[in-house]
Each structure stands twice: as C-alpha cells, then as structure tokens.
Amino acid sequence: MTEPDPVFPPYFRWGVATAAYQIEGAWDADGKGPSNWDTRAHRPGGLAGGATGDVACDHYHRLAEDLDLMAGLGVGSYRFSVSWPRVQPAGRGRWNRRGLDFYDRLVDGLLARRIEPMLTVYHWDHPQAIEDAGGWADRDTASRFADYAEGLAVRYGDRVRRWITLNEPLSVMHAELTGPPGPPVRRHGLRVAHHLVLGHGLAVPRLRAHVTGAEIGISLNLAGTTPATDRPADVAAAARAEAYEDRLFLDPLLRGDFPHLDGKPVLEAGDADRAIMAAPLDFVGVNWYAPAHVAASESGVFGYTRVPVPGASTNLLGWPVVPERFGALLAWLRRTYPDLPPIQITENGYAGLDEPDGTGSVEDLPRIAYLRECLRQVRAALDAGSDIRGYHVWSLLDNLEWDHGYRPRFGLVHVDFTTLARTPKASYRWYRQFLDVQRRDGKDGLRPCFG
Ligand code: FCB
C-alpha cells in the first residue's frame, strides 16, 4: 500500500507556476516589442529543434481556457510573469496599453475564480533595446528594471499583493557565463549578478510604495550542494559551488554582502550598493528540482563541475531524480540563515516526454511520484521548524523549456503543440485530489484568498 499524502496546515497556499515567454506566444501582437529571447530564438541555430516562443501555448489568446484549467484544479495561487517588452516595448518610457490590458484580464480572471495572483516582474525576457544597450552587464539596466517594476505596481498594486522581483538571477548569470550555442556572447557573469541583485534592491521599495499589504520576494534556484568524494579537492569544490550558487544571492540579500571565500568576497560591491541589495524581504521564493553533487574540475568556470548522483536516475533534462534530497536543502537553509524570511516554494517539477497513450491519456506517473516525495519533504521540513507558506508546481502547462525547446514537458496539462489542444494529465488529477484532501483534512480548510 502506498503511504497517504501528507496534510498541511490551513494557511498553506497551493498553486501552479508559469512564465510569460514560455507560454504566451503572440510575440509581436498588440504592440509588443521584441525581446532578447525572441532574438535568441529567431537567429539561425537558435533553440533546440528550431523552437521559438512565437506561438508557444498561445496562452495570450487562450486565457479563459487556461484560467478554467486552474479553477478546475482547485489551486488558490497562480504564479505568472509579465513580459517586459509586451508592456514597455523599448524598456523605458512609453507603456503599451494593449499589453497592460492583457495582464488586467489575467489578474481579474484569477480573482473572479478566487485564485490569488503572484506576479513575477522579470522571468528572463527583456526588451531587445535593453539587450542592445548591454543587458544586465550594463548597470543602467538595474534602474530601468526598477522603473518598470514600479510601473507594474502602479497598475496592478490594487489587486496583486504578492510580487517576485526576479526569477533565478543565478540562471541569468549562468546564461551569460556559458552563452547560448552559436555566436559569442558577453562574458560578464559576476557583473551581471551584481546588477541583478542591485535591480532587485532598487525595485523593492518602489513596489512597496504602491502595493497595499505587499508581500515582496525573489525566486532563487537553490540546489543543496554535496562533494562527490571526501577528498580535500572535492570538499573545496563543494564550498566554491555553494558560494557561487546557493549563497551567491542569499548572502547579499540577507547579510548585506556577497559570500566570502578564502577571506574575500567573491564579488566586490560598494557600501551603498550593499545597503540597497539588502532591502527587507517578506519571503524567499525557492525553486527546487535537484541537488548539486560536485567535483573539482579545472574546466569549470569556478573550478568545479556537477557530477552524477550515484545510483540516481535522471529526468529528460539529465537532472538527477532525488526528491528525497529536497529536505536537505531546506535543512541547510534553516541552519545557514537563521533569520530567513518565510519561504514560498515558487517552483518544483519534473521533466518527462509525456506522450499520450493509445486512448489519448497521459499517464505521467514518474511526475506524480516525484512531486509526492517532494511534498513529503516539505511537510517534514515544517515539522523540523522551517517556515514555509506555499508551494507551486512547475508548471500548469507543457511549455517552451528555453534553449531545450518543446521536448521536455513539465506540465500538469499536456499541450499538443500542433493543435494547441490542452489535455489534463494523470498528475493534474492527482494534484486536484491532493488539494481536495487539504481542504477536507486541513483543520479548518484552506485559508480563503483574502482576509
Ligand atoms: C527553472 C525556470 C523555469 C523552468 C524550469 C524548468 O529554472 O525558472 O522557467 O524553465 O526551470
């Protein structure tokens, strides 16, 4: 017999997550400007399989259907991102009314279904004009970003309480360090990291000024790092990996300085910047998929490389499938940052091929097994003292997995990228039932969305 799913406290908020470029499509509709990702996808040899986000899930034109899928699932929270070039095509100055209207319809459609919005200001797509000016390697992007964030707060702050400034600044930095396949790119990784966290810090008070009862956070991809062996070289490599990944943003956000290695900060920032970066946060968003098992390596940018987790299978993206290690990351957070603000799990998911069977149904059982174990780990972390307030599955829909194209599927809902038909998978039915249990067995039911 399988163990029953854990039951969570009534205040816990359940949701699903997506991001604009991965689902919206409508890449040049209604006055939207081009983004860095449009450019990246459109150049020869762009994304895997020649994929682009031109149509993606066509969410922009299928909003009502997708909102109904969420309502049918029974979630109380939806994490989405705003496409910067859709609402401010040149990255400064003029706002695009029709783009802003789309997010009004989205927010209002959520509220009408009693689903609370969680808005990510930046999930990797910025106006091409920003890219042309140097992207995040240019310090001015931090100011442009803060202006953009404030514009969104003015527009949506009456209805959206929960805001995420940046999604995974570490991934943005890595893209800069390693570059996409194809033409050479700028290699200013650490400068990019500095400007991202500066942009975040500049945006926080600007959001707070316009959002009543604001809850403001940032989403970080954290892994939980272990050395491949107990040889000193690998142990040192793991310490470097922890500094350049798990601690790279948490330290400046929570301790006001970049992590130190051998007595020196991995990145120098002046006092004024460091004070801006440490703007008080209401929550830390954690995106978790897999741990980092690392060994010393001369070829790695920072002298380490990820190696396979012994005995673990891998998902379609080659990430080790070890959901039982989620708890180790949460324990590391408790130990390392005793003053950590409450946690929101802002992403957690599983990549599969997810082909429909002969009857058209998608039996994504490995995803269910993975998510169930992750949730057991989250429940155990609550018992051990972690303050975790919510959880979002990545993702509602199969979507464009960035450089990897459309092959890796993360959705609870299958999308046929030829017909754009949506088909709930077995995992959708499982999550719906799981949420039913939370409503029934969580002491006094789920806390209502508002008040
Ligand atoms: C995260 C991204 C998200 C999605 C998942 C699979 O790194 O934030 O957009 O691609 O990975």
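First listed ligand is number 1; within each ligand, the first listed atom is number 1. Everything numeric here is computed off the predicted structure, so don't read it as measured data.
- Between W14 and F434, the distance separating the two ring centers is shorter than 6.0 angstrom.
- Any N or O atom pair closer than 3.5 Å counts here, and W402 shares at least one such pair with ligand 1.
- Among all non-hydrogen protein atoms, the one lying nearest atom 5 (C) of ligand 1 is Y289 OH, 3.2 Å.
- Remark: aromatic rings of Y350 and W394 are distant, center separation not under 6.0 Å.
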Step by step, would you call E131 with R40 a salt bridge (charged side-chain N to carboxylate O under 4.0 Å, His left out)?
CA-CA 11 Å; E131 185 69 8; R40 188 162 167 146; over 6 Å; no
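- Every atom of ligand 1 with a heavy atom of F410 under 4.0 Å away is listed here by number and element: 6 (C).
- When all heavy atoms of D58 and R422 are compared, the closest pair comes out as C-NH2, 4.4 Å.
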Quick one: do F145 and W136 satisfy ring pair (Phe, Tyr, Trp, His ring centres under 6.0 Å)? Show the steps, please.
CA-CA 10 Å; F145 169 74; W136 286 103; 5.7 Å; yes
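- When E401, E347, E168 are checked for heavy-atom proximity to atom 7 (O) of ligand 1, E168 turns out nearest.
- Contact annotation: N167 has at least one heavy atom less than 4.0 Å from an atom of ligand 1.
- Listed by atom number, the atoms of ligand 1 under 4.0 Å from H123 heavy atoms are 2 (C), 3 (C), 8 (O), 9 (O).
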